[in-house]
Amino acid sequence: MVNSDWLVDSLNANKLLDWKKYSLRKAENPISFASVKSRSLSLTGESDIDVLQDIDSDNESIDLGLLASQKGNQPLERKKPMDSSCPGFIKTYFEHSRLHFLSTWKQDLVFEIAEKIKTKPVPKTTNRIVFHIDMDCFFVSVILRKYPQYNDKPVVVAHSEKGDENSTSEIASCNYVARKYGITNGSFVGRAKELCQDLVVLPYDFEEIKQCTTELYNVLYENSDYMQAISCDEAVIDVSTVIKDHTPESSLEYAEFLRTEIKAKTGCNASVGIGPNPLLARLAVNFAKPNSKYFLDDIESVLDTPVGKLPGVGYQAKKKFASIDIHTIKDLQTLQVGKLKQIFGEKNGSAFYNIARGIDTRTLQNKARQTIGSDVNWGIRFKTQDQLEIFMKEFADEVFKRMKQAGLNCNHLTVKLKERDYAGEPWKFLGCGKCKDYSKAVNLDRIANSGDVIYKNSMNIINSFKIPVQELRGIGLHLKENGKVDIKQPKLDFTKRKPKTKVANFKRLKVDFPAVEVGNIPDYLIPSFSQIDPQIFKLLPKQIQKEQEELAKLKKKPIKKRVESKIAVFLDETCVKTITGWILEWCEMLTDIPDTLDMKLVIDYLHDLVDCSDMENCLTILQLIRNRLIKKNGKGPAWKSDTFMEIYNSVDDFIYSKYSNRLRLLDLD
DNA sequence: ATCCTCCCCTAC
DNA sequence: TAAGGTAGGGGAGGAT
Ligand SMILES: Nc1ccn([C@H]2C[C@H](O)[C@@H](COP(=O)(O)OP(=O)(O)OP(=O)(O)O)O2)c(=O)n1
Ligand SMILES: [Mg+2]
Ligand SMILES: [Mg+2]
């Protein structure tokens, strides 16, 4: 029941358009799929957009961003809207984002069911009876319990309190009365108000919703053989043995029993689709709604169903089908596999082929998540780099927090960016509008062990795109475990490069830590001194040798810390400080051109800092080295300045190779 | 051929 | 005012 209006809107003018013009434009310039590739979609005639954009860049953008800066006009001023340039934005944003709740709830449910279900036997895969249960207009049903006077009114749930005519607030859920007016989940309040003057807009009640979900899930879990969590208002259950007699009547009767239970526990209506597999059960629930049940054991009985109703057929696929004159399941059945694959690709092609025939062999599963990430594509407005950095610090901390919570040890970071691709303000209040999308990933070379590691790497990636901060409209941070990457020795000491460490070892980290074989702590976990190449060790200045031996004794402690936190701690500031100390002592002790191996160690270390995006420390150390090797007045032995320049140039080259940025000597001041 | 990176699409 | 998130599947096209 998802509506794609906003997507179309955002791809278009990104402006607050008069609704009538809006509808006209849509009617006159239908989207043509055939000619364009999705990346460069220009959906309507350019001239229209330009004209309309001009109209409101005059009256709207002035209106929106009014700051309370003028001193004289306190009563009249409008507050600056809370956007990403305000510290603390992230928190408020996620507290109010229904889609954030939807996603996190889903993850929680999948996790909970996955744990609980281990005690139940895995059902057979033949002769199944599968129920797909979905609450009717869930968010609305929940809030209507508090407002029974609106039961028979057209009702939606949205943030818009006043529900005024040009509200760009999105409707999370609308009841079936409202649907008669053409309102759908995902439409905008303003538009919905136009379609229906009497529309009642009610607020979210996330607490109550969560409560209902718990009740729903309890009923389903207790009364089924097996279960797959789908969302906060939806689940699939296997009832093949619960229902003894595999007749439609028995199934329907059992469905009615579940619906009654759910109604009793939640006060809300559930609908049930019944089928021999999850696909047909899913299709059946469409026919069951609202407030009923439907038995569907053969796709042939619903061949008139529009292809758009099929799972996996969304906005884009629907357009593709329309463009080749395929409208119903029956139409779809006429297409050969080859044709489908040609249009939708290998996998999707054969998926659609099977769906059209009601074929679905999937079993019910609650798969553990593999990635964790977050996106903010609303309210992203920066004027300065500082604002961006403050935001990113909060964002990185948030994502790191979630990573810990999820129990993942991620070593791979993806940053997603949206860059404004229109003039002025977008159509939706603080929306991202039509954007160019970018993403870039890095291997962290270590498990992300602090918000700071994520922050630094993110900033490097963001900066490498060279998008003016004012143009940013969306930011995403995503983490995963990249088992294919060789986990290198944390290279923050003067250690010889460690040969590749096997993935298997890395994987054990989170499950069975620290039970690693060989009777040793795995060496990729510890900046280990025992593994320093003895030859290199000998070459180190005496002072350093001694310190290393001392430090080696301390090294066992961090392990405990890791066990507790379940997160590997590879580096911390004290570690960097210690090594910086060694380097500086070494600088001061020099009496002649340094040993090449010592040079290499120092340079490697600085490269490592660059590698883990710790530019700050890298530059600081460079600066400290320079201060020790080059006098302010420029005098001093040539070999000293040569030594510094060799280090400096090497680091500069390395940074350039990685980020296409040149250091300037000025940066060190 | 197969893999990798940067996307795009879908569902709720 | 308004809160357009998130995870997984998969494809295009270049690298290997
Ligand atoms: N674009 C959307 C779609 C859904 N939801 C939320 C609100 C819905 O109530 C809930 C469940 O989604 P459904 O697709 O099941 O839709 P409803 O339950 O609202 O209606 P239906 O009776 O069609 O299931 O998810 C949302 O916030 N935004
Ligand atoms: Mg529902
Ligand atoms: Mg649902």
Side-chain angles (χ1 to χ4, degrees), chain A residues 1-2 4-7 9-10 37-39 41 63-66 78-84 89-107 109-110 134-135 138-139 158-164 166-170 172-173 185-186 188-190 204 229-235 282 310-320 341 344-349 351 367-380 402 406 412 414-416 418 426-433 435-442 473-474 476-478 480 482 484:
Chain A
M1 320 300 154
V2 185
S4 296
D5 282 359
W6 72 265
L7 179 61
D9 294 330
S10 65
K37 221 182 123 42
S38 57
R39 188 69 209 288
L41 272 182
D63 195 33
L64 278 177
L66 273 186
R78 181 152 349 153
K79 258 211 206 147
K80 181 184 186 254
M82 174 74 154
D83 64 23
S84 62
F89 172 74
I90 301 238
K91 185 159 178 290
T92 12
Y93 178 62
F94 285 131
E95 278 168 5
H96 291 90
S97 165
R98 92 221 192 245
L99 291 173
H100 168 68
F101 279 104
L102 224 51
S103 297
T104 48
W105 284 335
K106 175 180 172 142
Q107 281 310 307
L109 290 166
V110 168
D134 186 305
M135 304 297 285
F138 189 45
F139 284 19
H159 280 301
S160 169
E161 275 163 39
K162 288 185 230 138
D164 85 34
N166 23 9
S167 165
T168 64
S169 175
E170 231 174 284
S173 181
N185 289 1
F188 297 99
V189 168
Y204 293 85
I230 302 288
S231 79
C232 64
D233 87 325
E234 204 169 334
R282 176 67 188 82
L310 296 175
V313 179
Y315 180 73
Q316 297 295 333
K318 220 175 342 193
K319 279 197 302 184
K320 286 194 185 185
K341 288 184 175 178
F344 296 101
E346 190 65 28
K347 295 274 179 61
N348 289 332
K367 288 193 200 159
R369 78 147 109 212
Q370 300 299 309
T371 71
I372 169 265
S374 184
D375 299 270
V376 180
N377 295 319
W378 187 88
I380 296 294
R402 292 190 201 178
H412 185 270
T414 304
V415 177
K416 296 202 296 170
K418 282 180 180 288
W427 176 81
K428 183 178 167 62
F429 178 67
L430 287 182
C432 62
C435 284
K436 285 190 217 133
D437 289 326
Y438 306 94
S439 84
K440 199 165 170 49
V442 280
R473 286 297 176 272
L477 296 180
H478 295 257
K480 67 171 175 177
N482 192 351
K484 283 178 203 114

Whether [X] contacts [N] is assessed here as follows: a side-chain N or O lying under 4.0 Å from the phosphate OP1 or OP2. Is that the case?
X	N	result
A:His100	C:dT6	yes
A:Arg369	C:dT6	no
A:Thr168	C:dA2	yes
A:Ser167	C:dA2	yes
A:Asn377	C:dG5	yes
A:Arg98	B:dC12	no
A:Ser231	B:dA11	no
A:Ser374	C:dG5	no
A:Arg282	B:dC12	yes
A:Lys367	C:dG8	no
A:Ser169	C:dA3	yes
A:Lys428	C:dA3	yes
A:Tyr93	C:dG5	yes

Test item: A:Phe101 and A:Cys232 side chains (from C-beta on) under 4.5 Å apart, heavy atoms |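 A side-chain contact is absent here, since even the closest heavy-atom pair is not under 4.5 Å.
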Hey, does A:Lys428 have a side-chain heavy atom less than 4.5 Å from the side chain of A:Trp378?
-> yes
Just to verify, what does [X] make a side-chain hydrogen bond (donor to acceptor under 3.5 Å, both in side chains) with, not counting sequence neighbours?
X	value
A:Gln107	none
A:Lys347	none
A:Lys341	A:Glu346
A:Asn348	none

For the residue pair A:Lys367 and A:Val110, what are the closest heavy atoms and their distance?
->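 Of all heavy-atom pairs spanning A:Lys367 and A:Val110, the closest is O-CG1, 3.5 Å.
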[atom1] of [X] versus [atom2] of [N]: gap in Å, rounded?
X	N	atom1	atom2	value
A:His478	C:dG8	NE2	C1'	12 Å
A:Lys341	C:dA12	NZ	C1'	17 Å
A:Lys416	B:dC7	NZ	C1'	9 Å
A:Leu102	B:dA11	CG	C1'	9 Å
A:Leu430	C:dG5	CG	P	13 Å
A:Lys347	C:dA12	NZ	C1'	14 Å
A:Gln107	B:dA11	CD	C1'	13 Å
A:Asp437	B:dC8	CG	C1'	9 Å

Where at least one partner belongs to residues 97-106 of chain A, residue pairs that pass side chain to side chain donor-acceptor pair (under 3.5 Å), sequence neighbours excluded = A:Arg98-A:Glu170
C:dA3 base stacked by A:His96 (centroids within less than 5.5 Å, tilt under 30°) | yes
Angle, rounded to 10°, between the helical axes spanning five pairs at each terminus of the helix from B:dA1-C:dT16 to B:dC12-C:dG5?
-> 10°
In Å and rounded to the nearest 0.5 Å, what is the CG to CZ distance from A:Asp134 to A:Arg282?
->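 It comes to 6.5 Å.
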Given the C1' atoms of C:dG4 and B:dC9, what is the spacing between them in whole Å?
->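 My reading of the C1' atoms in C:dG4 and B:dC9 gives 16 Å.
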Minimum-distance nucleotide to A:Thr371 side chain [options: C:dA2, C:dG8, B:dC12] | C:dG8
